[in-house]
Amino acid sequence: MFAGEGVYWIRNKCQWSKFIDIRNNPYVHGGERDSMPIGLLSPRLTRPQLWLAEQVQDGESFIFRNHDTGTVLDIQNGSSTQGTPIVVEPYKYTGEVASSQHWRVVWVSDDNKTPYYRITNRKTGTVLNQMHDTRSGADFPVESWNSHGVPQELWSFERATFPTMYWLVNISSQRCLQFVYNSRGIASMDVKTKSPIREQLWYLENLVDYDNYYRIRHVDSEDRVLDLSGVDNTSILARTVDGGENQRWKITDVDMNGVVSIVCGKDDIVLYAQPDREGEHHPRGATDVNAFNNRYQWRLIPYTVPSLFWTQTVQCRGSGKFVAQSGSNITASDGARGEVDYTVQWRFVIQGRSPFFTIINRQTNNFLYNSSGSSLAADNNLSSNNYYWVLDAAGEDYSITNLSTLNVVAWNNGNIQALSGGATDTDRQWFINAYLSKSLQSVPSFALINGRTGMALAYVPNVTSGSVTMDGAFNSYRCHWIFQQVGTDEDDRPIYVIINKLSDNVLDHWDGVRIEALNNDPDDRHHQWRLVPCHQRYFAFVNVYTGQYLYDDGNAPVAGDSVDTMTNEDRRCCWTLVSHRGSIYDTISLDPDIAAPYQKSHHVVMRTLKQLPKGKGNAKAKPSHIPDNPRITRVTNDVLIDIFERLIGQLDFDRIHNQPPRPLASASREEVVDRWGIAVPRSLREGWEINGWVRIDLQGTYTNQNNIRVANIQGQWNRLTVFHVIVPVDVNFGAQRIQEAMIRSLREGTSVLLDAPDNANAGGSRRPPTTTRRPPGPGAPPPGHYWAATAIQAVGLLFLVSLF
């Protein structure tokens with residue numbers, strides 16, 4: 001299913017064997033995928049069929065960038081003429097301005113539990129349509145047509161995930177198991193190479209019908225698996241799959257430090273390393289062994305590959321600085337200035353079947369290189385090994401080594417350089433921050449919608465005054481703000497800076513005169529705000545320095561005097577916080593430090609980051625502290641995310657009725673492995689033999705403090721809650737809206753509330769909203785009438801306590 005930003009195969013519903021492809025570059029066509037590729041280095045993997053979905057700053061549209069070429073889907077010449085070919089072109093950044101490179105993905109229907117979407121061009125309103133014949137320079141071309149509701153214009157999205165590759169390293173010899181092709185199929189052992197080679201890498205495949213057994217498949221020769229010779233029960237081979245017990249292996253932990261034994265399913269013969277007289281080692285099988293003898297012990301070392309998507313940052317472990325591109329030069333940065341500061345974002349693109357990478361800057365699409373000496377630069381002249389890089393993982397960090405010069409990327413005397421001598425210290429170690437799990441998009445951000453005018457507070461870029469205005473584009477990055485706590489007042493109430501998602505600038509009562517957002521200094525008290533509850537879902541924002549209230553005078557945001565000077569009908573200083581507005585419904589991410597403004601500060605301190613930031617940088621501020629919901633386990637494993645997204649895609653109800661607790665969906669090990677073809681890593685297998693290992697539960701319904709009956713839905717992995725959605729009962733949100741809320745909660749690690757505006761009927765009528773309901777003026781709220789998210793934190797999450 002389509003789950004926002006990520007890397008996908010895109011398959012047509014009518015032409016089921018066809019995936020969007022560009023092998024006839026630049027014309028887009030439907031290409032065949034003969035069989036599912038086993039891994040990222042698989043010869044079966046057709047990289048021109050992989051697409052990066054990247055959100056545009058309007059918060060609603062996407063570009064689709066080809067993984068192989070970096071070009072994006074476009075309509076030839078931007079034409080609205082029927083039958084115009086779809087092509088790929090270099091991306092032309094237009095911000096929020098409609099472009100023929102911007103697409104909206106709209107769910108249409110489910111078929112056999114597979115969601116299908118219409119991909120609509122934002123400029124022309126036409127849709128992607130898979131044709132049946134040959135024209136436009138490509139077989140089975142994809143073209144632009146008006147929507148006619150036919151299957152050719154419906155597409156499914158299949159997330160691109162690949163199994164982990166491993167070195168199998170013997171503890172005694174420190175040699176790793178390898179297979180270098182030979183006609184006899186004999187496996188061998190050698191020193192683990194500094195630069196990864198396919199001959200030394202293996203996949204672990206689950207054998208569902210045999211508990212705790214694996215097939216160990218070779219990465220270079222994918223048709224071969226580790227095999228115990230049936231002739232002598234000793235020789236270790238690499239043979240084609242025959243399904244025999246001599247190709248089944250049980251991997252058992254020997255200690256708590258990742259050391260394992262590898263035992264064949266035939267006669268419990270143990271894999272070990274046998275030395276010869278010349279000091280070489282050979283893999284062999286043995287019986288009646290001492291499992292604590294380190295000849296029979298192995299360590300599985302994963303070959304960790306960065307996300308196929310853009311990284312948010314590449315950050316030095318020692319200095320905390322980020323790699324950025326400025327012009328053709330590589331410079332040190334303090335981090336991203338807002339969501340669309342692409343100078344610090346990079347993509348690591350593996351080169352065919354070779355386990356090394358090009359490193360591409362998102363702003364320029366240039367390739368990082370080290371031509372000579374210590375200088376680093378980036379350009380588009382991909383012409384030599386100086387543009388190729390090898391990654392060596394150590395824990396969370398990597399060393400980044402040039403394939404030609406063997407220099408490593410390093411922080412040195414205020415500069416980012418390429419130095420000889422290897423990764424000797426933390427200034428040569430880099431944290432590659434996965435964009436999808438750590439980006440600003442995964443941080444709860446809110447549109448601040450005024451209670452009287454129904455307009456949202458918005459940032460105006462590229463001006464020196466008048467940088468804040470009011471706008472109706474609620475989902476735009478311009479209208480979204482992140483709350484960072486910077487302290488507490490004398491009454492122990494949190495003080496925030498309010499950071500614009502687009503620019504990274506903070507909301508400012510500039511010199512006590514006007515409302516601006518011109519810099520990102522969190523320490524100026526003009527930039528600091530307190531939140532005062534108004535009524536149910538509304539807050540007032542009080543500037544710490546001036547004591548004045550933020551309000552909308554109907555033309556622009558200004559600051560006013562004490563609330564006591566306002567009439568009861570004047571709700572200009574009351575604001576509701578909405579994280580996304582889709583149709584008539586709001587989605588609210590319930591971050592506990594925002595939703596509960598009177599939460600004691602020590603509750604926040606206990607969850608403060610103890611390391612250098614791994615997300616958004618800020619040149620002057622402390623790392624942004626938007627902590628996860630403490631009752632939700634944040635999922636960062638792509639395989640587990642994929643499993644839950646498929647499970648979520650099976651839900652087809654439009655509303656939740658008042659009903660007792662029950663499971664809504666679950667997946668068995670057999671379904672995940674056999675039907676979905678997902679290679680589940682060992683780290684996720686605990687409890688997978690039990691039905692309901694991964695599941696979605698309706699935990700029941702209850703009445704919240706606002707006297708609204710809501711359903712409490714949780715995604716469960718074993719006993720851990722991985723997402724949490726609160727849905728008002730008997731409101732027709734539609735299946736897609738409910739699914740999107742679950743995916744958002746899963747990815748952000750926050751509780752998510754689906755909330756209908758006050759003019760939405762319980763039956764889900766589509767009467768368009770006018771403005772947000774007007775609350776009373778700020779002041780002490782009546783009992784039980786805090787903002788809805790606050791009530792849910794106070795009641796809904798306490799309700800969760802009884803569920804564990």
Side-chain angles (χ1 to χ4, degrees), residues 40-41 47 52 65-71 90-91 93 193-197 303-319 321-333 335-336 341-393 397-424 427-433 435:
L40 190 57
L41 300 181
R47 287 175 177 79
L52 283 70
R65 187 188 304 269
N66 189 265
H67 171 274
D68 214 38
T69 65
T71 50
Y91 179 46
Y93 177 77
T193 59
K194 179 68 174 176
S195 301
I197 58 174
Y303 175 44
T304 309
V305 177
S307 167
L308 298 180
F309 201 74
W310 298 101
T311 66
Q312 172 69 5
T313 52
V314 179
Q315 184 181 23
C316 180
R317 174 62 68 188
S319 68
K321 297 294 184 178
F322 300 82
V323 180
Q325 182 176 356
S326 177
S328 63
N329 299 317
I330 303 302
T331 61
S333 168
D341 180 2
Y342 297 148
T343 62
V344 297
Q345 294 183 21
W346 303 83
R347 185 161 63 98
F348 290 73
V349 180
I350 205 159
Q351 295 303 293
R353 300 197 64 213
S354 302
F356 49 81
F357 301 82
T358 54
I359 305 176
I360 304 173
N361 185 263
R362 189 171 184 178
Q363 179 77 22
T364 63
N365 220 34
N366 288 172
F367 299 90
L368 180 70
Y369 71 94
N370 171 220
S371 58
S372 62
S374 62
S375 65
L376 285 169
D379 64 26
N380 281 318
N381 300 317
L382 187 62
S383 57
S384 69
N385 285 346
N386 299 92
Y387 291 83
Y388 297 132
W389 301 87
V390 176
L391 302 181
D392 189 18
D397 300 327
Y398 292 86
S399 62
I400 305 174
T401 304
N402 188 266
L403 190 64
S404 176
T405 66
L406 301 183
N407 290 338
V408 298
V409 178
W411 162 261
N412 183 45
N413 295 324
N415 298 304
I416 307 292
Q417 297 179 325
L419 302 179
S420 61
T424 55
D427 284 343
R428 299 175 179 221
Q429 295 172 4
W430 300 86
F431 180 81
I432 299 175
N433 186 4
Y435 182 88

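Only a predicted model underlies this, so the values are computations on that prediction, with no experimental measurement involved. Below, all heavy atoms of this structure are taken into account, side chains as well, without hydrogens, waters or symmetry copies.
Checked by atom type and distance alone, the side chain of Asn385 never pairs as donor or acceptor with a backbone atom of Ser404 at under 3.5 Å. In this structure, the side chain of Gln315 does not engage the main chain of Arg317 through any donor-acceptor pair within 3.5 Å. Side-chain atoms of Ser354 do not come within 3.5 Å of backbone N or O of Gly352 as any donor-acceptor pair. Remark: side-chain polar atoms of Trp346 are not paired, donor with acceptor, to backbone N or O of Leu368 under 3.5 angstrom. Remark: the backbone N or O of Trp310 is not paired with any side-chain donor or acceptor of Arg347 at under 3.5 angstrom.
The shortest non-hydrogen separation linking Val344 to Ala324 is CG1-CB, 3.7 Å. The two residues Pro90 and Thr71 come nearest to each other via the heavy atoms N-CG2, 3.9 Å. Residue Gly335 comes nearest to Asp341 through the heavy atom pair O-OD2, 3.9 Å, listed as atom of the first residue, atom of the second, then distance. Across all their heavy atoms, Pro355 and Leu41 have their closest contact at CB-CD1, 4.2 Å.
With respect to Asn370, the side-chain hydrogen bond (donor to acceptor under 3.5 Å, both in side chains) criterion is satisfied by exactly one of Thr401, Asn407, Asn402: Asn407.
Under the 3.5 Å distance criterion, with hydrogens and angles disregarded, a donor-acceptor pair is assigned to the side chains of Asn366 and Asn380.
Using a 4.5 Å heavy-atom cutoff, the side chains of Tyr387 and Asn381 are in contact. Residues Ser328 and Asp379 are not in side-chain contact: their nearest non-hydrogen atoms beyond the backbone lie 4.5 Å or more apart. Residues Val314 and Ile400 are in side-chain contact: their nearest non-hydrogen atoms beyond the backbone lie under 4.5 Å apart. Side-chain contact between Val323 and Ile330: present, with at least one pair of heavy atoms (C-beta onward) separated by less than 4.5 Å. Between Cys316 and Trp430 the shortest side-chain heavy-atom distance falls below 4.5 Å.
The aromatic rings of Tyr303 and Phe357 sit tilted relative to each other, their planes meeting at an angle between 30° and 60°. Tyr388 and Phe356 have tilted rings, their planes meeting at an angle from 30° to 60° on a 0 to 90° scale.
Separating the CG atom in Asn415 from the OG atom in Ser319 is a distance of 11.0 Å, to the nearest 0.5 Å. The CG atom of Leu308 sits 9.0 Å away from atom CZ of Arg47, with the distance rounded to the nearest 0.5 Å. A distance of 4.5 Å separates CZ of Phe367 from CD1 of Ile360, quoted to the nearest 0.5 Å. How far CD1 of Ile432 is from OG1 of Thr304: 10.0 Å, rounded to the nearest 0.5 Å. Remark: Arg428 CZ to Trp411 CH2 distance equals 14.0 Å, nearest 0.5 Å. Separating the CD atom in Gln429 from the OG atom in Ser399 is a distance of 7.5 Å, to the nearest 0.5 Å.
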Residue pair Tyr342, Asn365: steps toward the side chain to side chain donor-acceptor pair (under 3.5 Å) verdict: CA-CA 10 Å; Tyr342 297 148; Asn365 220 34; over 6 Å; no
Steps toward side-chain contact (heavy atoms from CB on, under 4.5 Å) verdict (Thr343, Thr331): CA-CA 10 Å; Thr343 62; Thr331 61; over 6 Å; no
Residue pair Ile416, Val409: steps toward the side-chain contact (heavy atoms from CB on, under 4.5 Å) verdict: CA-CA 7 Å; Ile416 307 292; Val409 178; 3.9 Å; yes
